[in-house]
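Protein chains get the first letters and strands the later ones, always in sequence-line order, with residue 1 at the start of each. Reckoned from all heavy atoms, side chains included, excluding hydrogens, waters and symmetry mates.
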Amino acid sequence: MAGATNASGAVEAASYKTVFASLEDFSKGGVELINDDPRHYAFSNMYEVASISKPWEQVAVGKNMQYVLEVVRAEGQSGWRTASHDQFAVSLDGEVEIEFFTHGAPVDESVEGSVALAADPDGQRMGRVVLNFGHQALLPANSAYRMTASRPSVVMIQTIAGADTKFRWAEICQTV
Amino acid sequence: MSIEAGTPTSSTEPNAEGYRGFTLGQFSFRRDEYFAYISWPTGSHIMSVDAFLRAMQRDIAWDFFYGIVNFDGVFGTMNHYGTVDLFAGRYNDSYRKAELDYSENIDTPIIREQFKAILEDWTNQTFDPFASPHETGPAFGVKNGSNVDAITRRRVAATRMVNLPGDEELRNDENGHPLNRMFLDVPQDEPLVEAEPGFEGQLAGFNLFNYLARSQVTWNPSVVSVCKDSLFCPTTEEYILPIIHGNDRVEWFIQLSDEISWEVEDRDTGTMRSRVVMKAGDVCAMPADIRHQGYSPKRSMLLVWENGDPNLADLIASGQAPTYPADF
Ligand SMILES: [Fe+2]
């Protein structure tokens, strides 16, 4: 349907639909090779990765030296984790509650990535953040955090490779 | 061939069309109604002035970005973070084989100021080089006013995360960021943030998709969150990336909405290596030895993820770090 005439003199559509994806409904593009190796692109789809992951596995879908982008299938309740540095979580599908506590077992600055706490945090409750689709939260350095999702959801995490990070490139990436 | 720091610059009186000419070292620049003309000691080049200004705008806004900003297959800049190579034919196989390529290494403040002077003089009041073609009038014609507000938009870069106290603020109607016409259907709710007494300001969140839906500009990555040197630099894309970006490190694309097609070429010669089609949820690395240009048929959300480590370009150039992200 034709809409308004814009600044350039062209006629635009009357409305536009933004195409997002979800765990239930995603389609994947890909690399069309002319003269290259597909592995150089490590091409994957975050919803597909979440669809084949166990709850709370932190699967690397991106890596740049020590830095990673992890995808997590959020389902039920995670264990408590902490990190010596800031991390960030983005909900790509579903509602995810993140609870935050202080705790008395800080991770040494030299240790990067998230680290599981051996026991429930012994400090003060800092509060909570509830993410819905497209929302991003700070996971502040040295806080203890735990995530809860009542239905299978997808979270993307900006962090550094650590003990929790799972590397499965051959399983998740286009190879031919 | 290279000329050391202290590169001379100059400008001329306006020509018959009303535009000043400029020199930067031994490069000279002039425009008329339709075209930008670039010349250097071993050759000359012509570009549509609207493509030239869109590219120039990105190069300035990104402060020469990471690696190479090719205005097209011939002319561009390579960032050395403190100095910039201004080149012609340097990353073009034919120019290289004919030994007609030329470059000058210029102190960043000098090239930055002269680029700004060219952009300001050559941008008419009808043209916004950051806008999609649907959102702006023409770049063409004789000199017709200026558009300083459009070309000097503040560079957005969170130091920790958008919406933390003292950091970049949210975008809304009141601060001049209405929803873009192509993102009217993007949810605008914000996350629930409940901090206990004493922890106010330590917890934070924001609706990244709403934030992007309110971007005024296209093809302009800006930092929303920072984990040491890991930078989330999302951007909204519509029509064609106005430059061909040559990497000096691995760069990652995470497609958040809609679809972009990328043409990927060898960084140094320009020969085709692949086409990449990215749909919502797709993640793809762009190797450190390629250059790429994206095509977005509808305004889309793209998360560009960068590693800003200042040593990384040298590690890769010297072969101490690989040009691709992982071995498998
Ligand atoms: Fe790029």
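A:E171 has no carboxylate O lying under 4.0 Å from a charged side-chain N of A:K166, or vice versa, which leaves the two without a salt bridge. By the 4.0 Å N-to-carboxylate-O rule, A:D93 lies close enough to A:R151 to be salt-bridged with it.
Residue with the most contacts toward chain B among A:Y67, A:Y47, A:W169: A:Y67 (heavy-atom pairs, distance under 4.5 Å). The candidate with the highest count of non-hydrogen atom pairs below 4.5 Å against chain B, out of A:A141, A:P38, A:C173, A:S44, is A:S44. Chosen from B:M301, B:R299, B:K298, the residue pairing most often with chain A at heavy-atom distances under 4.5 Å is B:K298. Interface remark: of the candidates B:E200, B:E251, B:E190, B:E306, B:E190 forms the most heavy-atom pairs closer than 4.5 Å to chain A. Among B:R181, B:R249, B:Q202, the residue with the largest count of heavy-atom pairs under 4.5 Å with chain A is B:R181. Among the candidates B:L312, B:V226, B:I254, B:L256, the residue making the largest number of heavy-atom pairs closer than 4.5 Å to chain A is B:V226. Per-residue counts of heavy-atom pairs under 4.5 Å with chain B were compared for A:V49, A:N45, A:L131; the largest is that of A:N45. When the candidates B:A195, B:G205, B:A280, B:P287 are compared by the number of heavy-atom contacts under 4.5 Å with chain A, B:A280 comes out ahead. Heavy-atom pairs under 4.5 Å with chain B peak, among A:A21, A:A10, A:P140, A:G30, at A:G30. Note: A:L69 leads A:I98, A:T175, A:L69 in heavy-atom pairs under 4.5 Å with chain B. Ranked by non-hydrogen atom pairs under 4.5 Å with chain A, the options B:L203, B:V193, B:L164 are led by B:L203. Counting heavy-atom pairs closer than 4.5 Å to chain B, the top residue among A:M126, A:H85, A:M46, A:E32 is A:M126.
A:Q87 does not touch chain B: none of its heavy atoms, backbone or side chain, sits under 4.5 Å away. Of the two parts of A:N64, the backbone and the side chain both hold a non-hydrogen atom closer than 4.5 Å to a non-hydrogen atom of chain B. There is no contact between B:E259 and chain A, counting heavy-atom distances below 4.5 Å. Only the side chain of A:L92 comes within less than 4.5 Å of a heavy atom in chain B; its backbone stays farther off. With a 4.5 Å cut-off on non-hydrogen atoms, B:T136 touches chain A through its backbone but not through its side chain. In this structure, no portion of A:S143 lies under 4.5 Å from any heavy atom of chain B. Using a 4.5 Å cut-off between heavy atoms, B:P325 contacts chain A through both its backbone and its side chain. At a 4.5 Å heavy-atom cutoff, B:N163 makes no contact with chain A through either its backbone or its side chain. The parts of B:E194 that come within reach of chain A are both its backbone and its side chain, each placing non-hydrogen atoms under 4.5 angstrom from that chain. Both the backbone and the side chain of B:R160 come within less than 4.5 Å of a heavy atom of chain A. Of the two parts of A:F88, only the side chain, counted from C-beta on, holds a non-hydrogen atom closer than 4.5 Å to a non-hydrogen atom of chain B. In this structure, the portion of B:A321 lying under 4.5 Å from any heavy atom of chain A is its side chain and not its backbone. Interface remark: B:L208 contributes backbone and side-chain atoms alike to the contact with chain A (heavy atom separation under 4.5 Å). Looking at B:D266, neither its backbone nor its side chain comes within 4.5 Å of chain A, counting heavy atoms on both sides. Heavy atoms of B:L212 lying under 4.5 Å from chain A are absent altogether.
In this structure, OG1 in B:T218 is found 11.0 Å from CD1 in B:I240, a value given to the nearest 0.5 Å. Here the straight-line distance linking atom CD of A:E97 with atom CZ of A:R146 works out to 8.5 Å at 0.5 Å rounding.
Between B:H245 and B:F65, the ring-plane angle classifies as tilted under the 30° and 60° cut-offs. Classification of the B:F253-B:W262 ring pair by plane angle, with boundaries at 30° and 60°, yields parallel.
Contact annotation: the side chain of A:Q136 never approaches that of A:M156 to less than 4.5 Å [non-hydrogen atoms, C-beta and beyond]. Under the 4.5 Å side-chain criterion, counting only non-hydrogen atoms from C-beta, A:S153 is not in contact with A:E95. Here the side chains of B:N124 and B:N147 are not in contact, with every heavy-atom distance at 4.5 Å or above. At least one side-chain heavy atom of A:H103 sits less than 4.5 Å from a side-chain heavy atom of A:D122. In this structure the side chain of A:N6 never reaches within 4.5 angstrom of the side chain of B:E135, judged on heavy atoms. With contacts defined as side-chain heavy-atom distances shorter than 4.5 Å, the pair B:T123/B:P129 qualifies. Looking at B:Y66 and B:N247, their side chains never come closer than 4.5 Å, going by heavy atoms from C-beta outward.
Across B:L303, B:V276, B:I260, a single residue satisfies side chain to side chain contact (heavy atoms under 4.5 Å, CB included) together with B:Q255, and that is B:I260. Partner of A:T18 under the side chain to side chain donor-acceptor pair (under 3.5 Å) criterion, chosen from B:N180, B:D258, B:D185: B:D185.
Ring centroid separation for the pair B:F199 and A:F100 does not come in under the 6.0 Å cut-off.
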